[in-house]
2 protein chains.
Amino acid sequence: MRSAERRATLADVAARAGVSKSLVSLVMRDEPGAGVATRRRILEAADELGYHPDSRARLLRSGRSRLLGVVFGIQHDFHGDLVTDLYTAARETGYEVALSAVTPGRDEREATAGLLQDRCEALILLGPQEPTASLARLATRLPVVVLARSVRDPAVDVVRTADAEGLRQAVDHLVRLGHRAIVHIDGGRAPGAAERRRGYRDAMRSHGLDGYARIIPGGLTEEEGAAAARVLLDDVPTAVTVFNDRCATGVLDVLARHGRAVPGDVSVVGYDDSRLARLAHVDLTTVAQDAVTMTRLAVGRAIDRIEGAAVARREVVVPPRLVVRGTTAPPLH
Amino acid sequence: MRSAERRATLADVAARAGVSKSLVSLVMRDEPGAGVATRRRILEAADELGYHPDSRARLLRSGRSRLLGVVFGIQHDFHGDLVTDLYTAARETGYEVALSAVTPGRDEREATAGLLQDRCEALILLGPQEPTASLARLATRLPVVVLARSVRDPAVDVVRTADAEGLRQAVDHLVRLGHRAIVHIDGGRAPGAAERRRGYRDAMRSHGLDGYARIIPGGLTEEEGAAAARVLLDDVPTAVTVFNDRCATGVLDVLARHGRAVPGDVSVVGYDDSRLARLAHVDLTTVAQDAVTMTRLAVGRAIDRIEGAAVARREVVVPPRLVVRGTTAPPLH
DNA sequence: TTGAAAGCGCTAACAT
DNA sequence: ATGTTAGCGCTTTCAA
């Protein structure tokens, strides 16, 4: 039942209203420069024909797409949270979000290429794994804002959480509860992992707990969290800080299966405050990244670059905030 | 440090390679009709200039977008799996996937509207919640393929799993192991829930276990699974079939926390065979939806409709397959 | 206030 | 195998 007729074009409207295309163009864009009567006649004609401007042609001619390309990992819950907030942040800006997913069968290069082809005017990359050099090269072509990862290159903008500070807050919280044997399950080479490790080490040292500091190789998946937890079972600490919530989920699961009560026997702190952590039955104490602020900053920064506004700092660091929930408690002695 | 130079166009590549625009156009689209050497030279020139075709101009000229719009829920792991396979399925077809996410702040209507504005030629909707009437109306404007939900309307194509059959397989498996007290935690009003309930009831009946049949209200989130599991704790069956893997995860979690061993005390079967189920530490027995086949069919169907090919059946039902993993075992007596 | 004409970057039909 | 030409639907000079 699809209507077979061609869509109306600007020329059709012009013909029907008995004016030139330019006039119609003006009126459709609400620009001044057309007589009141003419304007009315044109709007009428457009309405009668059910005319809607073709945005592609419009963009082609004006040389702009008003598109913000977003590359995200479809497997990452926290990226889902960020995407959610990016849509919101872009809503009133006059720019639109174009999504491109990284999947097990589609790497970042491919995801990025698609967006480039759509002539996005800037790219927002969520925790990209590509080497700095690639990102820098990309940034020679269009503004690039990296979210939730640190990149030391003058060409790319960065909006990230003060990750070291986040781990410090986690450790402080645990120490305040009375913990000393606090382990960190890290994120390996994942974005942010190095800084979180550093934050953990510094915090332990500043509490005079160097002797207890212990880092277990983890990762960013449940899988890797579970494996790390199994290592832990031989020599259980009273508290664990984990690279992210997803990984912490794996840790919690293994602990539960081996009869270790959380937080009774072991306290656990995650990172991200992703959807996972907020689930009532998980109720994970975690370091919240301020997704709303970060995405707003990222969108704002991207647009500033597009429009050539002066930008003060390449890197914006957003403070994290510890969210205390049910997986932390004083150690039993 | 962004190079101030204009973005490379097809004409630039042509100039650099010393050939005409048409030749470049051919080569970029991988069409036959260019010599091997020329082709190489053109590709080189394109690479050196960092050339990417402008999809808007392409669309404008050819009157087509070759875009397949995909609407998915960013919170649903299984949708993530489907999106992954959709990219793969579309890879060699000459069509591209355009993603639009449903988030807590962005409903299906909005997600769909974005895709329409992008002039997608067909829509693939993953488990849409919109009423049939809305979907039917949409289908008057362009081909619509609904994935993983049943829709009884002659205007929309459907590719889905034989959900009743899936639950039958789950129950059969459990009965074969010796279970009788088998409970179903359902999906409420979620897509597929009604049919899975029916499959469960029929299977129980066919085994003469009507007396044991019991359905607990669940849902499609971990949250709802956890709540349902808590209800179960008062009167624990020996086995549970759950609406989907995500919900089953909540069930497993609550059982573990209350000291119920899986599969020792209770066997659990999920649905979807999503990433969650395959995690080594979860190792969930589940009913696999054949995502690869379903996505291939959905893409094929969408393209058939676009290109006006004859389509035999509106609805394609793909058989499910029980994947036995570690959460099911004979009951202890 | 209005219109004519020249493209934006590309593809397609038609040469050669 | 390669080049020429004419637009797609719109915006944007520039003239009238």
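Chain letters run A, B, ... following the sequence lines, proteins first and then strands; every chain starts at 1. Predicted, not measured: the structure shown is a model, and the values here were computed from it.
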Item checked: Neighbours of DNA chain C within residues 44-52 of chain A, by heavy-atom distance under 4.0 Å ->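 Output list: empty, so none.
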Next item on the list: Report yes if some heavy atom in the side chain of A/Q117 is under 4.5 Å from a heavy atom in the side chain of B/E96; otherwise report no.
Entry: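 A side-chain contact exists here, since the closest heavy-atom pair is under 4.5 Å.
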Next item on the list: Hey, could you give me the CZ/CZ distance between B/R301 and B/R313, rounded to the nearest 0.5 Å?
Entry: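 It is 7.0 Å, given to the nearest 0.5 Å.
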Next item on the list: Under 4.0 Å between any heavy atoms, over every strand shown, what does B/R29 touch: base, sugar-phosphate, or nothing? Just pick one.
Entry: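 Result for B/R29 = sugar-phosphate.
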Separation of [X] atom [atom1] from [N] atom [atom2], in whole Å?
{"X": "A/I42", "N": "C/dT1", "atom1": "CD1", "atom2": "P", "value": "13 Å"}
{"X": "A/R119", "N": "C/dG9", "atom1": "CZ", "atom2": "C1'", "value": "8 Å"}
{"X": "A/L60", "N": "C/dC8", "atom1": "CG", "atom2": "P", "value": "9 Å"}
{"X": "A/D54", "N": "D/dC8", "atom1": "CG", "atom2": "P", "value": "13 Å"}
{"X": "A/L10", "N": "C/dG7", "atom1": "CG", "atom2": "P", "value": "19 Å"}

Checklist line | Donor-acceptor pair between A/R64 and A/Y95 side chains, under 3.5 angstrom | finding: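 Their side chains do contain a donor-acceptor pair, which is all the 3.5 Å distance test asks for.
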Would you check if the side chain of [X] reaches a backbone N or O of [Y] as a donor-acceptor pair within less than 3.5 Å?
{"X": "A/E121", "Y": "A/S65", "answer": "yes"}
{"X": "B/H79", "Y": "B/F72", "answer": "no"}
{"X": "A/R56", "Y": "B/A57", "answer": "no"}

Report each atom pair, protein N/O against N/O of nucleotides 2-6 of chain C, whose distance is under 3.5 angstrom.
from, atom 1, to, atom 2, distance (Å)
C/dT2, OP1, A/T38, OG1, 2.8
C/dT2, OP2, A/G35, N, 2.6
C/dT2, OP2, A/T38, OG1, 3.1
C/dG3, OP2, A/S20, N, 2.9
C/dG3, OP2, A/S20, OG, 3.3
C/dA4, N6, A/S22, OG, 2.8

Notebook entry, point to check: How far does the helix from C/dT1-D/dA16 to C/dT16-D/dA1 bend, going by the axes of its first and last five pairs, to the nearest 10°?
Noted result: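 End-to-end axis angle: 40°.
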